[in-house]
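Since this is a predicted model, take the numbers as computed values, not measurements.
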Amino acid sequence: MTAFENVSVTKKANVYFDGKCVSHNIELADGTSKSVGVILPATLTFNTGAPEIMELIEGEANVTLAGQSESVAYKGGESFSVPGDSSFVIEAVTPVHYVCHFG
């Protein structure tokens, strides 16, 4: 899927880590929430409340989930799951365009 249909978009961007991650929240017609954004090359730590699936649309990153000692490489077209009430470290090797699926 390259586009979402019939969505509401929060106009104001979420800007994290001094602009190294910028996203917009979207809500689909069925009430599902997602965020769509980009992470610029950097190493960032994110905390989760709800479980998440991070879908990489484009770019390359190394990801270390909480409790793991080694990172796993991901690229556009791949995704990884993060448990709720957890965290992950993402090293964006190139700009990473992503969709974060919540829940």
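- Nearest heavy atom pair, residue Ser35 against residue Phe102, reads N-CE1, 3.6 Å.
- Summarising the hydrophobic clusters (Ile, Leu, Val, Met, Phe, Trp, Tyr; side-chain heavy atoms under 4.5 Å, direct or chained), the residues clustered with Val15 are Val22.
- Residues in residues 12-68 take part in these ring pair (Phe, Tyr, Trp, His ring centres under 6.0 Å) pairs, two or more places apart or across chains: Phe17-Phe46, Phe46-Phe88.
- By the side chain to side chain contact (heavy atoms under 4.5 Å, CB included) test, Ala66 pairs with Ser86, Ser87, sequence neighbours left out.
- Under the 4.5 Å side-chain heavy-atom criterion for Ile, Leu, Val, Met, Phe, Trp and Tyr, Ile57 and Tyr74 are members of distinct hydrophobic clusters.
- With sequence neighbours excluded, the residues that form a side chain to side chain contact (heavy atoms under 4.5 Å, CB included) with Thr43 are Val89, Glu91.
- Nearest heavy atoms, Tyr98 versus Val38: CE2-N, 3.5 Å.
- Under a hydrophobic-cluster definition in which Ile, Leu, Val, Met, Phe, Trp and Tyr are linked whenever side-chain heavy atoms come within less than 4.5 Å, directly or via other members, Leu44 and Val93 are assigned to different clusters.
- Val96 and Val72 fall within a single hydrophobic cluster, where Ile, Leu, Val, Met, Phe, Trp and Tyr are joined by side-chain heavy atoms under 4.5 Å apart, directly or via other members.
- For the side chain to side chain donor-acceptor pair (under 3.5 Å) test, residues two or more places apart in sequence or in another chain that qualify with Asp30 are Thr32.
- Two different hydrophobic clusters hold Leu40 and Ile90 under the rule that ILVMFWY side chains link at heavy-atom gaps under 4.5 Å.
- Ser79 is linked by a side chain to side chain contact (heavy atoms under 4.5 Å, CB included) to Ile53, Glu55, counting only residues two or more places apart in sequence or in another chain.
- Atom OG1 of Thr94 and atom CD of Glu58 lie 7.5 Å apart (nearest 0.5 Å).
- Once rounded to the nearest 0.5 Å, the distance linking NZ of Lys34 with NE2 of His101 reads 5.0 Å.
- Between atom CG of residue Leu65 and atom OG1 of residue Thr48 there is a gap of 9.5 Å, rounded to the nearest 0.5 Å.
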